[in-house]
A.B. asks: 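I'd like to ask you about the structure that follows.
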Amino acid sequence: MRIACPFCGPRENSEFSYLGDAKPKRPGPDAGEDAVYEYVYLRDNVAGEMAELWYHGGGCRAWLQVRRNTVTHEILSVEPAAGAGAASVTP
Amino acid sequence: MKYSIFSLARAALSGHRNWPRTWRDAEPKPRYDVVIIGGGGHGLATAYHLAADYGITNVAVLEKGWIGSGNAGRNTTIIRSNYLLPGNIGFYELSMKLWERMEQDLNYNTMVSQRGVLNLYHSDAQRDAYARRGNAMRINGIDAELLDAAAVRKMVPFLNFDNARFPIQGGLLQRRGGTARHDAVVWGYAHAADRRGVDIIQNCEVTSFTRDAGGRVTGVETTRGTIGAGKVGMAVAGSSSRVAAMADLRLPIESHVLQAFVSEGLKPLIPGVMTFGAGHFYVSQSDKGGLVFGGDIDGYNSYAQRGNMPVMEDVCEGGMALMPLIGRLRLLRQWGGIMDMSMDGSPIIDRTPVDGLFINAGWCYGGFKATPASGLVFAHLLARNEPHAEATRFRLDRFQRGAMIDEKGQGAQPNLH
Ligand SMILES: Cc1cc2nc3c(=O)[nH]c(=O)nc-3n(C[C@H](O)[C@H](O)[C@H](O)COP(=O)(O)OP(=O)(O)OC[C@H]3O[C@@H](n4cnc5c(N)ncnc54)[C@H](O)[C@@H]3O)c2cc1C
Ligand SMILES: [Zn+2]
């Protein structure tokens, strides 16, 4: 599995760290315990195409959003996702 | 069919050509008291214990492929009970006790071999952590011995003891740990369950649940038709989220791939199971002579039963760091399996919020050793509607309650467990 970093070109996957599904968004401070529980613990665990966050730590150190098929490992698109890894609070 | 010295002698007279099937390939009936989804070790063990210990024999195990085609037939066969935390420790020791009598219980040779599991340590801090673990085990009546370097050297003199970065300082040994023949475990439970009336139905994929007006699960739709059920238990390992989604449930689980490797055959070299504590590498030797080994999971969500090259390289580097004498050994086979990585690295055995549906999941890469106890406690839950005494903490809602069982202390990041 090679990820084509938009800044560095195609690199083997060991250069990247995996955060996981890009969908869960950190709930706001007043969202309540259930929302936090869902965000931290529950996953769609998609079988098929999934948008996910990878960090190119062994290269340009950019956060990337990768669309990847979890059944075939085929990578469909790679886009910059600046700041995606920071635990930003959604308003 | 009961196996004994007499059946062996009888079969020998006809040149071993007339052995009957060890379990029936059953046709689905319209309805069962309990339907188990998943013909891996856990599903079959559950069916066996339902019939053997709880008197529930109108049971079907539905398997989408052939039994043992999932992780039950893909693991590196290590069994041990060297856990640290309450909740896990008693459960895995129950499992070890069941391994010790499995062959008599099942009337099947599962090749349980208590050849010992040795976890090596390479620093003072790691020694302290293993001393703590060993003490936790001993307090709970489980065997554990802390070895120094000299004692380890006696057992396995060929290791790289004086590695400049990761010298081997000693190890934590559980002599009762070891290996078992994974396929035989599957066939043994199938054999013993079948003898007690359980239907094992292969090529039967569950595609949805049937539910009544109140939402209670009343059965399953499968590729072989509708099958009614008093209760449904799911034991589908890496497919847990997919099956749960059919009942509109989201689980605290991600599916990840773990690879395993076998080398060409060697003369007897490795006495038991060994783990390298400075990287992630574990190894044993099969009775055929191949070294069976593995390491870290690949680390990204996957349902493709195969992994990638960087992990292969990493695992082999771990092996070389531990025992450079394997440097010219060739790799014979390699494969992957899909594991249900839970958010705290521990399993879930519980009722679900959906009436009539029970879950057995979250085994991560350590569910083979759990097979016998998992079957027993899941059968208990299905039969009695309440958790077995050794499984009271494996609740689905523990994440919500903050009652995680996180052996590694990694938090909710499944690819780190
Ligand atoms: C490479 C590797 C090495 C491992 N090493 C060890 C080890 O050394 N020690 C250890 O303790 N554990 C180990 N494990 C973990 C262990 O193998 C698993 O935790 C355990 O086998 C899971 O339980 P199971 O046997 O019931 O799973 P499986 O054998 O995976 O059974 C689940 C079954 O459900 C079926 N299924 C899925 N969806 C459906 C459906 N919709 N309808 C019908 N059937 C369905 C699947 O086909 C499968 O046969 C390892 C795993 C892997 C992959
Ligand atoms: Zn880059």
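Below, read A as the first sequence line, B as the second, and so on, with proteins coming before strands; counting in each chain starts at 1. Please read these numbers as outputs of a predicted model, since none were measured by experiment. Computed from heavy atoms alone, side chains included, the values below leave out hydrogens, waters and symmetry copies.
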A.B. asks: Which residues, numbered in order, of residues 59-68 of chain A come under 4.5 angstrom of chain B by heavy-atom distance?
C.D. replies: A:Arg68
A.B. asks: Can you tell me how far the CD1 atom of B:Ile253 sits from the OH atom of A:Tyr41, to the nearest 0.5 Å?
C.D. replies: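 Nearest 0.5 Å value for the CD1-OH distance: 14.0 Å.
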A.B. asks: Hey, which of B:Pro414, B:Pro252, B:Ser241 is the one that makes side-chain contact (heavy atoms from CB on, under 4.5 Å) with A:Asn45?
C.D. replies: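 The residue from B:Pro414, B:Pro252, B:Ser241 that satisfies side-chain contact (heavy atoms from CB on, under 4.5 Å) with A:Asn45 turns out to be B:Ser241.
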A.B. asks: Can you list the residues of residues 346-360 of chain B that sit under 4.5 Å from chain A, counting heavy atoms only?
C.D. replies: none
A.B. asks: Carefully, step by step, assess B:Gln400 and A:Glu33 under the rule side-chain contact (heavy atoms from CB on, under 4.5 Å).
C.D. replies: CA-CA 8 Å; B:Gln400 209 156 5; A:Glu33 278 185 16; over 6 Å; no
A.B. asks: Output the option from A:Val40, A:Asp44, A:Val36, A:Asp21 having the highest count of non-hydrogen pairs under 4.5 Å with chain B.
C.D. replies: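 Between A:Val40, A:Asp44, A:Val36, A:Asp21, the count favours A:Asp44.
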A.B. asks: So which part of B:Arg242 gets closer than 4.5 Å to some heavy atom of chain A, the side chain, the backbone, both or neither?
C.D. replies: side chain
A.B. asks: Is A:Arg2 atom CZ crowded by more than 12 heavy atoms from other residues, nucleotides or ligands, each under 6.0 Å away?
C.D. replies: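 Atom CZ in A:Arg2 is not crowded, with 12 or fewer foreign heavy atoms closer than 6.0 Å.
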A.B. asks: Is there a side-chain contact (heavy atoms from CB on, under 4.5 Å) between A:Met1 and B:Met309? Walk through the geometry before answering.
C.D. replies: CA-CA 8 Å; A:Met1 201 163 75; B:Met309 296 300 284; over 6 Å; no
A.B. asks: Between B:Asn301 and A:Tyr18, does any side-chain donor sit less than 3.5 Å from a side-chain acceptor?
C.D. replies: yes
A.B. asks: Could you walk me through whether B:Tyr300 and A:Phe16 satisfy the side-chain contact (heavy atoms from CB on, under 4.5 Å) test, starting with their C-alpha distance in whole Å, then the side-chain angles of each, then the deciding distance to 0.1 Å, before giving a yes or no?
C.D. replies: CA-CA 10 Å; B:Tyr300 44 82; A:Phe16 301 83; over 6 Å; no
A.B. asks: A:Val46 versus chain B, heavy atoms under 4.5 Å apart: side chain, backbone, both or neither?
C.D. replies: backbone
A.B. asks: Say you draw a straight line from OH of B:Tyr303 to CE of A:Met50; how long is it, rounded to the nearest 0.5 Å?
C.D. replies: 8.5 Å
A.B. asks: Pick one of side chain, backbone, both or neither for B:Met341, based on which atoms fall under 4.5 Å of a heavy atom in chain A.
C.D. replies: neither
A.B. asks: Any chance you could measure A:Arg43, atom CZ, to B:Ser342, atom OG, to the nearest 0.5 Å?
C.D. replies: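 The OG atom of B:Ser342 is 12.0 Å from CZ of A:Arg43, to the nearest 0.5 Å.
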A.B. asks: For B:Phe166, check ring pair (Phe, Tyr, Trp, His ring centres under 6.0 Å) against everything at least two apart and list the hits.
C.D. replies: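 Partners of B:Phe166 under the ring pair (Phe, Tyr, Trp, His ring centres under 6.0 Å) test: none.
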A.B. asks: Can you tell me if B:Arg165 has over 12 outside heavy atoms packed within less than 6.0 Å of its CZ?
C.D. replies: no
A.B. asks: Any chance you could measure A:Thr72, atom OG1, to B:Arg306, atom CZ, to the nearest 0.5 Å?
C.D. replies: 7.0 Å
A.B. asks: Who are the side chain to side chain contact (heavy atoms under 4.5 Å, CB included) partners of B:Met320, not counting sequence neighbours?
C.D. replies: B:Ile326
A.B. asks: Under 4.5 Å heavy-atom distance to chain A, tell me which part of B:Gln413 shows up: side chain, backbone, both or neither.
C.D. replies: side chain
